[in-house]
Amino acid sequence: MYYKLNIIFCFLFFISCNEQKTDSAIFKIEINAEVLVDDVFKVYYTDLNNKEKFTENKVIRKKVIGKEFCQKIEFSLIKGVFPKKIRIDFGKNKLLNEIHVREIIIRNASDSIVITKETLHRFFHINKYLKWDKDLGFFEIRNIQDKRKPFIVSSQLLMKKIYLEF
């Protein structure tokens, strides 16, 4: 009788420990940057496979208030989402001409990956609407044929690092 109760107790304990672990496993992306003009930044993600396209169904928006000092811009993905690809959009405000990025931190409940301004170009692909100065740590936003879509997309190196470390 005691043997059966011990097995049941161990089973319930094991299940409750696993549930706590998954509840606290929220994936976060933090951008520490100086943004001088109000705008809305977005983080798109895919969670099925590498060939999935970015859609408005899997996007997190964050209003950014322009400040003359570094600020933390944080995005939290839905519980249980483990991204396969990440895209960070730097807004559409035509008055925003540059963004000074100190670091991007990707974290879950127990681990984090810190991407500094010196290593950002290794972990993200930078699109044609951005010019990156790694020494000074800023993006210059460019208009090309009256279009403006500044964003960066995670490289395979970053996604492998996330997979191995998280």
Side-chain angles (χ1 to χ4, degrees), residues 22-66 70-134 137-166:
T22 57
D23 285 346
S24 63
I26 296 176
F27 197 90
K28 294 184 179 186
I29 299 167
E30 177 184 313
I31 303 168
N32 292 313
E34 182 182 312
V35 181
L36 298 175
V37 180
D38 294 359
D39 211 335
V40 176
F41 285 14
K42 298 177 189 177
V43 168
Y44 291 87
Y45 63 92
T46 64
D47 59 348
L48 298 176
N49 58 52
N50 288 336
K51 296 184 190 244
E52 181 183 7
K53 302 236 186 247
F54 295 112
T55 67
E56 292 297 319
N57 294 333
K58 296 178 182 177
V59 64
I60 302 155
R61 291 170 181 77
K62 187 74 158 193
K63 184 169 177 56
V64 178
I65 305 299
C70 192
Q71 59 182 300
K72 179 169 79 169
I73 306 160
E74 189 173 81
F75 300 87
S76 296
L77 274 66
I78 300 167
K79 285 183 185 178
V81 170
F82 191 85
K84 302 289 185 202
K85 266 195 310 192
I86 300 167
R87 175 177 142 178
I88 301 172
D89 283 30
F90 293 114
K92 291 190 176 188
N93 187 334
K94 293 194 186 271
L95 297 175
L96 184 62
N97 295 318
E98 61 184 47
I99 302 165
H100 292 262
V101 177
R102 295 232 173 107
E103 63 187 4
I104 297 175
I105 302 170
I106 299 172
R107 68 176 88 230
N108 68 6
S110 59
D111 294 309
S112 64
I113 297 170
V114 178
I115 301 166
T116 63
K117 63 183 180 182
E118 293 82 12
T119 59
L120 191 136
H121 67 284
R122 293 184 190 144
F123 293 108
F124 286 95
H125 299 292
I126 300 164
N127 80 345
K128 66 183 180 181
Y129 298 97
L130 292 168
K131 181 179 178 189
W132 174 243
D133 185 323
K134 72 176 179 180
F138 77 89
F139 287 111
E140 177 187 334
I141 301 174
R142 301 189 272 187
N143 292 323
I144 299 174
Q145 298 176 349
D146 283 338
K147 291 186 181 179
R148 182 180 178 97
K149 297 178 184 177
F151 64 83
I152 56 177
V153 178
S154 57
S155 68
Q156 282 201 320
L157 177 64
L158 175 58
M159 299 320 296
K160 280 185 182 181
K161 188 169 180 64
I162 290 171
Y163 178 76
L164 292 173
E165 293 186 20
F166 292 177

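V153 is not listed as a side-chain neighbour of N127, based on a closest heavy-atom distance of 4.5 Å or more. Contact of the Y45 side chain with the V59 side chain is not registered, since no non-hydrogen atoms from C-beta on lie closer than 4.5 Å. Residues I126 and L120 are in side-chain contact: their nearest non-hydrogen atoms beyond the backbone lie under 4.5 Å apart. Side-chain atoms of V35 and I73, non-hydrogen and from C-beta on, do get closer than 4.5 Å to each other. Proximity of V43 to I86: side-chain heavy atoms (C-beta onward) are separated by under 4.5 Å at one or more points.
N32 approaches C70 most closely through the heavy-atom pair C-SG, 3.7 Å. Across every non-hydrogen atom of K117 and V101, the tightest pair is CB-O, 3.5 Å. Heavy-atom minimum distance, L130 versus F151: CD1-O, 3.5 Å. The two atoms that bring I99 and I141 nearest to each other are CD1-CD1, 3.9 Å, heavy atoms only.
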Can you give each donor-acceptor pair under 3.5 Å made by side-chain atoms of residues 158-166, sequence neighbours left out, with the distance rounded to 0.1 Å?
residue, atom, partner, partner atom, Å
K161, NZ, E165, OE2, 2.7

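Within the structure, every pair that satisfies the ring pair (Phe, Tyr, Trp, His ring centres under 6.0 Å) test and touches residues 70-116, not counting sequence neighbours, is listed here: F41-F90, F90-F139, H100-F138.
Qualifying salt bridge (Lys or Arg N to Asp or Glu O under 4.0 Å) partners for E52, counting only residues two or more places apart in sequence or in other chains: K58. With sequence neighbours left out, Y129 forms a side chain to side chain donor-acceptor pair (under 3.5 Å) with no residue at all. Shown here are the side-chain contact (heavy atoms from CB on, under 4.5 Å) partners of Q145, two or more places apart in sequence or in another chain: there are none. Residues that satisfy the side chain to side chain donor-acceptor pair (under 3.5 Å) test with D38, not counting sequence neighbours, are absent from this structure.
Remark: K128 NZ to R142 CZ distance equals 10.0 Å, nearest 0.5 Å. T119 contributes atom OG1, which lies 9.5 Å from atom CZ of F124 (distance to the nearest 0.5 angstrom). Of the inter-residue distances, the one linking I31 atom CD1 with I104 atom CD1 reads 5.5 Å to the nearest 0.5 angstrom. To the nearest 0.5 angstrom, K85 atom NZ is 7.5 Å from S154 atom OG. With rounding to the nearest 0.5 angstrom, the OG atom of S112 is 9.5 Å from the CD atom of E30. Here I65 contributes atom CD1 and D39 contributes atom CG; the two are 10.0 Å apart, rounded to the nearest 0.5 Å.
By the neighbour-count criterion of 12 heavy atoms within 6.0 Å, atom NZ of K134 is sparsely surrounded, having that number or fewer from other residues, nucleotides or ligands. Other residues, nucleotides and ligands place more than 12 heavy atoms under 6.0 Å from the NZ atom of K42.
Judged by distance alone, the side chain of N108 and the main-chain N or O of D111 form a donor-acceptor pair under 3.5 Å.
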Verdict with reasoning, D89 to R87, per salt bridge (charged side-chain N to carboxylate O under 4.0 Å, His left out): CA-CA 6 Å; D89 283 30; R87 175 177 142 178; 2.6 Å; yes
Salt bridge (charged side-chain N to carboxylate O under 4.0 Å, His left out) between E56 and R61, worked out: CA-CA 10 Å; E56 292 297 319; R61 291 170 181 77; 2.4 Å; yes
